Amino acid sequence: MLKKAARRCQEHWAATYHLACRPPSDIISTVEFNHTGELLATGDKGGRVVIFQREQESKNQVHRRGEYNVYSTFQSHEPEFDYLKSLEIEEKINKIRWLPQQNAAYFLLSTNDKTVKLWKVSERDKRPEGYNLKDEEGRLRDPATITTLRVPVLRPMDLMVEATPRRVFANAHTYHINSISVNSDYETYMSADDLRINLWNFEITNQSFNIVDIKPANMEELTEVITAAEFHPHHCNTFVYSSSKGTIRLCDMRASALCDRHTKFFEEPEDPSNRSFFSEIISSISDVKFSHSGRYIMTRDYLTVKVWDLNMENRPIETYQVHDYLRSKLCSLYENDCIFDKFECVWNGSDSVIMTGSYNNFFRMFDRNTKRDVTLEASRENSKPRAILKPRKVCVGGKRRKDEISVDSLDFSKKILHTAWHPSENIIAVAATNNLYIFQDKVN
């Protein structure tokens, strides 16, 4: 069904709708589906988490299932101040990760630069009434007035969704947290900053175990930083982390307590003919993701998406050019700091299609089987419900066709850094600054 997804992108991807869910000052900073795809969580620059729930299928609209409506909104993080370092700590949500659902409640991790929190999201549609020691307003009654014993009963009430902080994991990172990843044992998770990766137990908040430390004795000798980290989807002892030098290290926690020596090292040799002032900057990896099968690793640098086979370390098996037309614009992108933008990448449910963002609110899809690719745009103009998305093309030079856009006309303030793909269906969520767009394959 998903085999020809990229080709169908050109014909059938349609807007479910567009959600302008926040004021312009609060830019969406992360997007994440839960393991079933029924819930979609977004975090923003203002420290808020908004959870959307998928509508259930009705008898009247069998094929219209898929729209997501606001389910819960809560303030996850507040701005803080580190008095020892005279440093402001932003409330911005860097990452959200869902835990598999074990009961009626949902659990998710959210993190800002310094603190990870575990949240419980639950529903309540009944309230207890008939207490002996309290009146209906909740005030304590005078014991002298209590002459009979009552059995409290549960009465129906309007559905209320509550978000409760269950754990706060703090004071373990000197530098800014860039990644969190839940282990497949569902007992532990890791958090990574620029120089260290810590392993946490969900039940223990006051201590963590440092599993990676690349901080040199002399900070002047620092040559690279950790940019992203993720656990293997099936093997609880294995994880990867990427660096600003464009390298990926696979580590095995069974080898040693401190994973200062990697098990595998993935790096593509640089072509000397392409060497330039910007080579090191654009080779920095901004995101790393295991495939659902666990066989492949996908990485995103500034210009490309690469797919690596775990059994081949010397070069990627696939390289996809995201916006190679920007190679001639690197100087101006460096001056306006866009060259330091950190784009994410995601797999579809069957690992056959990959998606990542670009500028001008463009996002790209690459079909690994057919080698087809498509550029689509998330904008208010094409976000009417059921509107079919039309492929976009960028003209590098020469005569521009009617349906093409010139590379000089691209808006670099409009960028898609964060995307998410439903774990089993062709439904995608795209965050474009302060707007959230949800698209689905019309075949679904």
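None of these values were measured; they are calculated from a predicted model. The figures that follow rest on heavy atoms only: side chains count, while hydrogens, waters and symmetry mates do not.
Donor-acceptor pairing under 3.5 Å is recorded for the side chains of S279 and E270. Judged purely by distance below 3.5 Å, without hydrogens or angles, the side chains of R300 and T356 pair a donor atom with an acceptor atom. In this model, no donor atom of one side chain and acceptor atom of the other lie less than 3.5 Å apart for N360 and D411. A side-chain N or O of N69 and one of E55 form a donor-acceptor pair less than 3.5 Å apart. The closest side-chain donor-acceptor pair between H292 and D351 falls under 3.5 angstrom. Of the N and O atoms on the side chains of W308 and T299, at least one donor lies less than 3.5 Å from an acceptor on the other residue. Side chain to side chain, T145 and D142 fail the donor-acceptor criterion of an N or O pair below 3.5 Å. Residues T188 and N201 have side chains that never bring a donor and an acceptor to within less than 3.5 angstrom of each other.
Atoms CG and CG, on L222 and D194 in that order, are 8.5 Å from each other to the nearest 0.5 Å.
D213 and K215 are not joined by a salt bridge, as no carboxylate oxygen comes within less than 4.0 angstrom of a charged side-chain nitrogen. A salt bridge between R167 and E203 is present, with a side-chain N of the basic residue lying under 4.0 Å from a carboxylate O of the acidic one.
Taking the six-membered ring for Trp and thresholds of 30 and 60 degrees, Y359 and H323 have nearly parallel ring planes, at less than 30 degrees apart.
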